[in-house]
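Since the structure comes first, as structure tokens, the remarks are kept for the end.
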Amino acid sequence: MNTVSCADADLIAAGIDDMYDAFLAADRRRFDGHLHDEVTTWETHLPGSLRTRSELDAYRDARDGSGARPRLDRLAAEDKRIDVWEDTGVARYVLVAEPPGGPAQRSRVTDVLRRVGGEWLIVHHHSELLAP
């Protein structure tokens, strides 16, 4: 990886960390600042593939409106591996979610990012819950 790619990988890593910090702070606007409008979201717990940000928003609105938004003491991306090719990046990591008083859950995550207007935005997010 060249120097530019290393700097870009660091920016992507910092963006992922900020996104999960924003989730813990219930700052949806900051969280969404890391997502492309056409982001696809595939996660083990979702009712299916969410193919746009508007579909993701509808899911979160219903979840949050019902009081089912996850409460977590910790949400962190660990063991990150990030590669960058020009305006495309791929981040792979283990997401650790620790609910209050409960055992941590770990998910294997892959995020595909594109540089848009100088910012790295997630265009595809895939998360698979790992067995305990």
Side-chain angles (χ1 to χ4, degrees):
M1 202 177 323
N2 64 35
T3 305
V4 172
S5 294
C6 287
D8 286 328
D10 290 343
L11 287 171
I12 289 169
I16 289 168
D17 290 341
D18 183 65
M19 182 175 67
Y20 292 123
D21 286 344
F23 183 89
L24 290 174
D27 186 343
R28 189 160 155 181
R29 182 176 176 185
R30 183 166 51 117
F31 184 96
D32 287 354
H34 297 281
L35 305 178
H36 191 278
D37 286 340
E38 297 300 317
V39 64
T40 52
T41 307
W42 297 355
E43 295 188 7
T44 301
H45 72 279
L46 293 176
S49 299
L50 303 177
R51 303 217 177 252
T52 64
R53 181 89 163 271
S54 62
E55 288 181 11
L56 175 62
D57 289 343
Y59 166 78
R60 294 185 299 186
D61 289 345
R63 177 200 65 195
D64 296 356
S66 72
R69 184 181 189 276
R71 289 181 35 240
L72 300 170
D73 286 339
R74 180 172 178 258
L75 186 63
E78 297 181 349
D79 301 324
K80 292 184 202 91
R81 179 175 176 180
I82 299 169
D83 292 305
V84 177
W85 305 274
E86 297 177 12
D87 290 334
T88 303
V90 177
R92 286 88 74 202
Y93 52 92
V94 174
L95 183 63
V96 180
E98 294 180 11
Q105 292 185 332
R106 288 175 169 68
S107 297
R108 181 176 31 228
V109 177
T110 302
D111 287 331
V112 179
L113 301 96
R114 295 283 299 161
R115 187 186 347 243
V116 179
E119 294 187 57
W120 288 102
L121 299 176
I122 296 172
V123 295
H124 178 74
H125 172 82
H126 185 186
S127 177
E128 175 185 355
L129 186 62
L130 297 171

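Fair warning: this is a prediction, and the values are worked out from it, not measured in the lab.
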Ion pair Lys80/Asp111, N-O distance below 4.0 Å: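 Salt bridge absent between Lys80 and Asp111.
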Lys/Arg-Asp/Glu bridge criterion (N-O < 4.0 Å) met for Asp27, Arg29: no
Side chains of [X] and [Y]: closer than 4.5 Å at any heavy-atom pair?
X	Y	result
Glu55	Leu46	no
Asp57	Asp32	yes
Met19	Leu35	yes

Which atoms form the tightest heavy-atom contact between [X] and [Y], and what is the distance?
X	Y	result
Leu95	Ala77	CD1-N, 4.1 Å
Ser107	Ser127	CB-OG, 3.3 Å
Ala91	Ile12	CB-CG2, 4.2 Å
Asp73	Gly101	OD2-N, 4.3 Å
Ala9	Val84	N-CG2, 3.9 Å
Gly15	His34	O-CE1, 3.3 Å

Which distance, rounded to the nearest 0.5 Å, do you find between the [atom1] of [X] and the [atom2] of [Y]?
X	Y	atom1	atom2	answer
Trp42	Arg51	CH2	CZ	5.5 Å
Phe31	Asp18	CZ	CG	10.5 Å
Leu113	Trp120	CG	CH2	7.0 Å

Joint hydrophobic cluster, Val96 plus Val109, side-chain heavy atoms closer than 4.5 Å: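 In one cluster with Val96: Val109, no.
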Cluster link Val39 to Tyr20, ILVMFWY, side chain under 4.5 Å: yes
Any side-chain donor near an acceptor of the partner, Thr88 and Arg114, under 3.5 Å: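 Distance-only check passes for Thr88 and Arg114.
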Side-chain donor-acceptor contact under 3.5 Å, His126 with Thr110: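 On atom types as modelled, these side chains do not qualify, holding no pair under 3.5 Å.
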Passing option when Arg115 is tested against Asp8, Leu121, Leu11 for side-chain contact (heavy atoms from CB on, under 4.5 Å): Asp8
Derivation of the side-chain contact (heavy atoms from CB on, under 4.5 Å) call for Phe23 and Leu72: CA-CA 9 Å; Phe23 183 89; Leu72 300 170; 3.9 Å; yes
Residues, nucleotides or ligands: over 12 heavy atoms within 6.0 Å of Arg74 CZ: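 Counting other residues, nucleotides and ligands, CZ of Arg74 exceeds 12 neighbours.
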Heavy atoms from other residues, nucleotides or ligands near CD of Glu78 exceed 12 (cutoff 6.0 Å):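 It does: Glu78 CD has more than 12 such atoms within range.
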Checking the side chain of [X] only, and the main-chain atoms of [Y] only, is there a donor and an acceptor separated by less than 3.5 Å?
X	Y	result
Thr44	Leu129	yes
Arg92	Val90	yes
Arg108	Leu130	no

Steps toward salt bridge (Lys or Arg N to Asp or Glu O under 4.0 Å) verdict (Arg81, Asp83): CA-CA 7 Å; Arg81 179 175 176 180; Asp83 292 305; 3.7 Å; yes
Pair Asp61-Arg28, side-chain contact (heavy atoms from CB on, under 4.5 Å): steps then yes or no: CA-CA 11 Å; Asp61 289 345; Arg28 189 160 155 181; 2.8 Å; yes
Worked check of side-chain hydrogen bond (donor to acceptor under 3.5 Å, both in side chains) between His124 and Thr40: CA-CA 5 Å; His124 178 74; Thr40 52; 2.4 Å; yes
